[in-house]
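Computed from a prediction, not measured in an experiment: that's the story for all the values here.
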Amino acid sequence: MVEWYDFTLYLYLTPVISRVFFGAEKSSVLETLGVFAVSYVMRPVGAAVFGHFGDRIGRRSVLLISMSIMTAAMLGTALLPTRATAGLWAPALLFLLRCVMGFSVGGEYSGVLVYLVESSAARNRGFIVSLAAGASEVGALLAAGISALCTTLLSTAQLDSWGWRIPFLAGALLAGGTLLMRSSMRETPVFEEAKSSGELPSNPLRDVLGGQRRALLTTFAISALGSVTYYVGVTYVPTYLTSVAHFPDSDALVVSTIAAVAVIAITPLAGYLSDRWGRRPSLLLLAGFFVAVPLALFALMSHGSWSRAIIGSLVLAFGAGAVSAAAAAAIPEQFATAGRLSGLALGYTLATAAFGGLAPLVAQQVIDATGWRLFPGLLVMLVAIGVLPVIWRLRETARHPLSGTVSAVSIPKPRTEPRTEPRTEPRTEPRAEPEAEHTDTTPDHRADQRS
């Protein structure tokens with residue numbers, strides 16, 4: 001929740017942040033967004049670091065560390081000096097804190113998914129983990145709400161002077177409260193069992209790259225589908241409506257808010273259905289859905305009609321939320337316990353950086369260059385087509401224990417099996433043959449049975 005609060009807050013306050021830290025120049029908005037883009041580069045770095053320690057020292061410790069860093073980064077942002085008081089030091093410090101925030105976020109969402117997967121019963125794992133996906137959207141809604149409240153109640157001068165600090169202070173309180181609740185968590189029983197059995201490798205990422213490449217590829221592919229459907233089909237839609245359908249900013253914000261509520265509503269249901277139907281059928285159905293409908297939905301929204309915009313955005317939001325919910329449990333389940341957090345964090349963050357951070361930018365640039373309004377739908381459709389073969393070969397993991405089939409497939413532990421072969425079982429069999437000599441009827445009995 002906290003990472004999505006911060007992510008959405010920064011985007012909604014971009015005009016204010018650009019004035020406060022970069023001045024009134026025309027390039028200030030681009031510089032503000034450039035700082036945001038760099039934070040995405042830090043996510044895979046954080047994923048590698050937090051994934052390593054999460055697979056070595058435990059999930060609980062990593063979640064506490066990442067949230068501690070996020071709390072400090074948001075509080076530090078709220079207390080930053082402005083350009084008017086500190087000159088170029090202000091944007092430099094903002095850049096540094098955004099990098100710290102991006103680094104900590106790299107292991108946050110993946111760590112939450114792994115913790116919930118390893119702490120949930122197999123029968124309802126999909127439903128439990130889908131709540132994390134829904135909570136992320138709740139964080140985005142909180143950021144949208146507090147941003148709208150501040151911009152409505154405060155004047156531009158008040159916002160630029162001190163009002164911009166309020167949402168970041170609220171975020172620091174939210175992060176601090178989350179950290180306090182996490183302090184009472186226990187380590188997952190699955191990780192404790194793996195640690196006590198000596199199953200943990202010294203270099204989890206190397207173990208993933210060497211023995212769990214299929215799981216890593218699957219995670220990247222499913223995360224790519226989830227990223228492009230959400231970032232293009234949900235977060236980019238307000239920009240699409242204002243730039244293509246010529247909606248007022250206020251109307252586009254209302255549409256995006258309704259879509260966010262739709263995402264929150266669909267995620268628990270989609271998670272529940274993935275437990276009942278299975279991860280593979282659910283994701284196959286959703287991938288096929290995004291092959292069939294994106295072009296038509298973006299064509300529907302491009303006409304400038306309020307009702308058509310609502311219908312198109314709602315259908316896209318329901319689909320994107322369902323993908324996020326089904327993927328939330330499916331991708332951690334692909335990995336062995338020994339490298340689950342490292343593999344998930346790396347595959348997820350790389351896909352998010354490529355298909356989440358860049359996809360909306362590419363979509364808008366292509367529309368500006370060619371004038372073709374349906375390119376965002378084509379982009380989503382092409383990614384769904386590319387992911388379908390991977391999902392078709394997906395190993396079903398719903399209602400399967402993590403310590404059983406999943407771990408046995410990917411963890412490189414069968415090297416210990418040859419040690420069981422020298423038990424000389426074949427040598428014990430001849431000892432039983434002399435006993436048969438006392439009963440000469442056994443060969444004849446067998447012959448009788450064959451006849």
Interatomic distance, OG1@T71 vs CE@M67, rounded to 0.5 Å, equals 6.0 Å
pair P44-T352: side-chain heavy atoms closer than 4.5 Å = no
M185 and Y115: CA distance, side-chain angles, deciding distance, side-chain contact (heavy atoms from CB on, under 4.5 Å) verdict: CA-CA 10 Å; M185 294 191 320; Y115 187 90; 3.6 Å; yes
Quiz item: Are side-chain N/O atoms of Y236 and Q364 paired as donor and acceptor at under 3.5 Å?
Solution: yes
Heavy atoms of G377 and L295 approach each other most closely as C-CD2, 3.9 Å
- Task: Please work out whether the ring planes of W4 and Y231 are parallel, tilted or perpendicular, with thresholds of 30° and 60°.
- Result: tilted
Evaluate E137 against T267 for side-chain contact (heavy atoms from CB on, under 4.5 Å), listing each step before the verdict.
CA-CA 10 Å; E137 196 63 33; T267 47; over 6 Å; no
Closest heavy-atom pair, L9 versus P167, reported as atoms and distance to 0.1 Å, is CD1-CB, 3.3 Å
Requested in this report: Count the heavy atoms belonging to other residues, nucleotides or ligands that lie under 6.0 Å from CZ of R213, then report whether that count exceeds 12.
Outcome: no
* Asked: Considering only heavy atoms from C-beta outward, does the side chain of S256 approach that of V234 to under 4.5 Å?
  -> no
Just by distance, do the side chain of D55 and the backbone of L341 share a donor-acceptor pair under 3.5 Å?
yes
Shortest non-hydrogen pair, M381 vs V291, comes out as CG-O, 3.3 Å
Correct closest heavy-atom pair for M301 and S313 would be SD-N, 3.6 Å
In this structure, OG1 of T178 is separated from CD of E3 (nearest 0.5 Å) by 9.5 Å
dist L316:CG -> L300:CG (nearest 0.5 Å) comes out at 9.5 Å
Around atom CZ of F289, are there more than 12 heavy atoms of other residues, nucleotides or ligands at under 6.0 Å? yes
### Message
Quick one, V323 with F290, criterion side-chain contact (heavy atoms from CB on, under 4.5 Å). Give me CA distance, side-chain angles, the key distance, then yes/no.
### Response
CA-CA 10 Å; V323 172; F290 278 109; 3.8 Å; yes
Salt-bridge contact D6-R98 (side-chain N to carboxylate O under 4.0 Å) | yes
Review point. When you measure from the side chain of N203 to the backbone N and O of R206, does any donor-acceptor pair fall under 3.5 Å?
Key: yes
Q334/T218 under side chain to side chain donor-acceptor pair (under 3.5 Å): CA gap, chis, key distance, verdict:
CA-CA 8 Å; Q334 302 303 310; T218 301; 5.0 Å; no
Quiz prompt | Side chain S104, main chain M101, donor-acceptor under 3.5 Å | solution = yes
Rounded to the nearest 0.5 angstrom, the CD1-OG distance for I331 and S223 is 4.0 Å
Practice problem: Check whether any side-chain N or O of R182 sits under 3.5 Å from a backbone N or O of L64 as a donor-acceptor pair, and report yes or no. | Solution: no
Which of E118, E187, E108 passes salt bridge (Lys or Arg N to Asp or Glu O under 4.0 Å) with R59? Answer is E118
| Does the ring centre of W372 sit less than 6.0 Å away from the ring centre of F298? | no
Rounded to the nearest 0.5 angstrom, the OG1-CG distance for T229 and L286 is 8.5 Å
Going by heavy atoms in the side chains, are L174 and Y5 under 4.5 Å from each other? yes
Discussion item. Could you tell me if the side chain of F220 sits less than 4.5 Å from the side chain of L346, heavy atoms only?
Written reply: no
Mind checking whether Y348 and Y109 have parallel, tilted or perpendicular rings, split at 30° and 60°? tilted
Quick one: does S302's side chain have a donor or acceptor within less than 3.5 Å of a partner on A299's backbone?
yes
Correct closest heavy-atom pair for V2 and M74 would be CG1-SD, 4.2 Å
Check: Do the non-hydrogen side-chain atoms of F355 and V232 ever get within less than 4.5 Å of each other?
Finding: no
Donor-acceptor contact present, side-chain S18 to main-chain P15, <3.5 Å
yes
Would you check if L283 and L394 make a side-chain contact, meaning some heavy-atom pair closer than 4.5 Å? yes
* **Six-ring centre of F103, R43 cation under 6.0 angstrom, axis tolerance 45°** => no
message: Surrounding CH2 of W392 (heavy atoms of other residues, nucleotides or ligands, distance under 6.0 Å), is the total greater than 12?
response: no
Check for a donor-acceptor pair, side chain of R279 on one end and backbone N or O of E396 on the other, with a separation under 3.5 Å. no
Residues R395, E333: salt bridge by 4.0 Å N-O rule: no
Q) Cation-pi between R373 and F375: NZ/CZ under 6.0 Å from ring centre and within 45° of the ring axis? A) no
Margin query: For I17 and W164: C-alpha separation, side-chain torsions, deciding distance, then whether side-chain contact (heavy atoms from CB on, under 4.5 Å) applies.
Written below: CA-CA 8 Å; I17 294 172; W164 66 270; 5.7 Å; no
Distance col, row L13:CG vs F168:CZ, nearest 0.5 angstrom, shows 5.5 Å
Heavy-atom nearest pair, V208 first then S342, reads CG2-CB, 4.5 Å
**Asked** Below 4.5 Å, heavy atoms only, C-beta onward: do S61 and F53 meet side chain to side chain?
**Response** no
With a 4.5 Å cut-off on side-chain heavy atoms, are W277 and L284 touching? no
Using atom types as modelled and distance alone, determine if a side-chain donor or acceptor of R280 lies under 3.5 Å from a backbone N or O of A398.
no
